[in-house]
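Below: the structure, in structure tokens.
Counting starts at 1 for both ligands and their atoms, in listed order. Basis for what follows: all heavy atoms, side chains included, without hydrogens, waters or symmetry-related copies.
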Amino acid sequence: MKISVDTVKIVEVGPRDGLQNEKVTVPADAKIAFITALGDAGLRTIEAGAFVSPKWVPQMADTDEVYRNIPKDPGVEYPVLVPNMKGLERALDAGVTSIAIFTAASETFNKRNINMSIDESFENYAPVAARAQEHGVRVRGYVSTAFGCPYEGDVAPEKVLEVCARLLDLGCYEVSVGDTIGVGTPMQVQGVTGMLLQVIPARRLAMHFHDTRGTALANTLAALEMGISTFDASAGGLGGCPYAPGASGNLATEDLVYMLDGMAIESGVDLNRLVAASSIIAPYLDHPLPGRYLQACTKGKMKSVVPASSAVQ
Ligand code: HMG
Ligand code: MG
């Protein structure tokens with residue numbers, strides 16, 4: 001295995017991608033305590049919520065209250081999802097300094113998720129991105145269904161590239177390439193990533209793997225081999241998308257950090273503190289968190305384990 005990446009940036013999406021998909025209502029205070037603990041664990045980018053329509057995703061209806069009351073750590077960025085100008089206005093009112101806009105590589109998913117075709121989503125986002133930038137707000141882009149669509153099946157890598165390039169043209173500093181329903185496999189990841197890297201530098205790409213079929217960590221390794229160094233993950237493996245049937249949690253942040261620690265790749269995240277953060281949110285859910293490292297710590301009643309440092313890289 002040949003990996004030249006020595007530092008990875010983790011974008012923690014648990015408080016947004018995770019909690020948006022939970023059936024139970026998690027109180028704002030618990031979300032704030034969770035986000036604070038994630039910052040204490042060393043995460044420097046924590047997606048705090050979504051200014052989407054509360055009719056579409058009621059779990060994110062309290063993002064305004066949550067965002068305003070996070071004790072902001074000056075070293076931490078707290079992006080929020082914004083689907084349209086109304087969302088941006090709410091975000092600006094709350095004092096947000098970083099947003100994420102989101103579209104997809106497949107038409108049917110996009111229609112179900114934001115009620116827009118791909119082209120319509122770009123018409124919608126162009127003024128949103130421009131206005132955000134006028135206010136000094138950083139804009140990240142997401143491309144969903146990059147490795148498969150729950151409605152259309154296969155997605156052409158060329159379409160993924162086209163949508164990534166259009167998001168970068170709007171001024172996104174980075175595009176997160178999403179395996180929304182967790183169908184991707186490592187060779188496919190390397191194929192899609194290889195095509196993107198012919199046009200887009202690695203530093204402007206992130207990978208966003210859901211672990212629905214257990215391939216998220218293998219896919220991460222495949223992307224690391226290609227030189228990708230930014231990964232989205234959610235504490236405890238919380239997550240899913242309400243408009244992607246069968247989508248389950250994101251790659252668990254603990255599992256990612258455990259693997260990176262074992263490969264001597266720096267992430268700045270303290271595993272013990274991360275487990276403590278997941279343990280804050282776990283009691284509010286109606287199911288155990290699926291993250292493997294977390295389960296090994298809690299079910300196995302063992303203290304967290306530091307991976308043996310690996311000489312093989
Ligand atoms: P629509 O129904 O077509 O829009 O929804 P509309 O303009 O007709 O608005 C409907 C109602 O919502 C109106 O209220 C609007 O005012 C209100 P009413 O007049 O009926 O009382 N509204 C809003 N309220 C608050 N904030 C807003 C807002 N916008 C409209 N921003 C819309 C279109 C885009 C709004 C809707 O489809 C939506 O909010 N979708 C978001 C869905 C979502 O959050 N999905 C999950 C996130 S994406 C994801 O998880 C994937 C990702 O993780 C990457 C991956 O895994 O691939 C990022
Ligand atoms: Mg997602």
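The shortest heavy-atom distance from Arg16 to ligand 1 is under 4.0 Å. Under a 4.0 angstrom heavy-atom cut-off, Pro54 registers as being in contact with ligand 1.
Residue-to-ligand polar distances keep Val143 apart from ligand 1: every N/O pair is separated by 3.5 Å or more. Checked against a 3.5 angstrom limit, the closest N/O atoms of Thr145 and ligand 1 fall outside it. Considering both main-chain and side-chain atoms, Gly87 comes within under 3.5 Å of ligand 1 through a nitrogen or oxygen pair. Any N or O atom pair closer than 3.5 Å counts here, and Tyr142 shares no such pair with ligand 1.
Gln59 and Glu22 form no side-chain donor-acceptor contact under 3.5 Å, judged by distance and modelled atom types alone.
Within 6.0 Å of CZ on Arg273 lie no more than 12 heavy atoms contributed by other residues, nucleotides or ligands.
Within the coordination shell of the Mg ion (ligand 2), defined by N, O or S atoms under 2.8 Å, Asp17 is present.
The heavy-atom pair separating Gly182 from Thr215 by the smallest distance is O-OG1, 4.4 Å.
Each of the atoms 42 (C), 43 (C), 44 (O) of ligand 1 lies under 4.0 Å from some heavy atom of Val57. Taking every heavy atom of Leu81 and a limit of under 4.0 angstrom, the matching atoms of ligand 1 come to 47 (C). If you number the atoms of ligand 1 from 1 as listed, the ones under 4.0 Å from a heavy atom of His210 come out as 56 (O). Taking every heavy atom of Asn115 and a limit of under 4.0 angstrom, the matching atoms of ligand 1 come to 1 (P), 3 (O). Residue Phe51 has at least one heavy-atom neighbour below 4.0 Å for each of these atoms of ligand 1: 26 (N), 27 (C), 31 (N). With ligand atoms numbered from 1 in the order given, ligand 1 contributes 14 (O), 18 (P), 20 (O), 21 (O) to contacts under 4.0 Å with heavy atoms of Lys55. Interface of Asp17 with ligand 1, defined as ligand atoms under 4.0 Å from a residue heavy atom, comprises 50 (O), 53 (O). Every atom of ligand 1 with a heavy atom of Gln20 under 4.0 Å away is listed here by number and element: 46 (C), 47 (C), 49 (C), 50 (O).
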List the steps, then state whether side-chain contact (heavy atoms from CB on, under 4.5 Å) holds for Arg140 with Ser98. CA-CA 8 Å; Arg140 188 179 203 235; Ser98 177; over 6 Å; no
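With rounding to the nearest 0.5 Å, the separation of SG in Cys172 from OH in Tyr142 is 11.5 Å. Met226 contributes atom CE, which lies 11.0 Å from atom OG of Ser4 (distance to the nearest 0.5 angstrom).
In terms of modelled atom types and a separation under 3.5 Å, the side chain of Arg44 and the main chain of Gly39 share a donor-acceptor contact. Side-chain N or O atoms of Glu47 include none that pairs as donor or acceptor with a backbone N or O of Pro15 at under 3.5 Å.
Between the choices Ser144, Gly141, Gly178, the shortest heavy-atom distance to atom 54 (C) of ligand 1 belongs to Ser144. In the candidate list Arg90, Met116, Lys111, Arg90 is nearest to atom 25 (C) of ligand 1, counting heavy atoms. In this structure, of Ile114, Ile181, Asp64, Asn113, the residue bringing a heavy atom nearest to atom 32 (C) of ligand 1 is Ile114. When Ala91, Ser53, Ser121 are ranked by how near their heavy atoms come to atom 22 (N) of ligand 1, first place goes to Ser53.
Residue His208 forms a side chain to side chain contact (heavy atoms under 4.5 Å, CB included) with just one option from Val11, Asp17, Thr230, and that option is Asp17. Of the options Leu289, Val269, Val275, a side chain to side chain contact (heavy atoms under 4.5 Å, CB included) to Glu254 is made by Val275 and by none of the others.
In this structure, NE2 of His208 and NE2 of His210 enclose an angle of 90° at the Mg ion (ligand 2), rounded to 10°.
In this structure, Phe147 and Phe209 have tilted ring planes: the angle between them lies in the 30° to 60° band.
There is a path of hydrophobic side-chain contacts, each under 4.5 Å, that joins Met1 to Met207.
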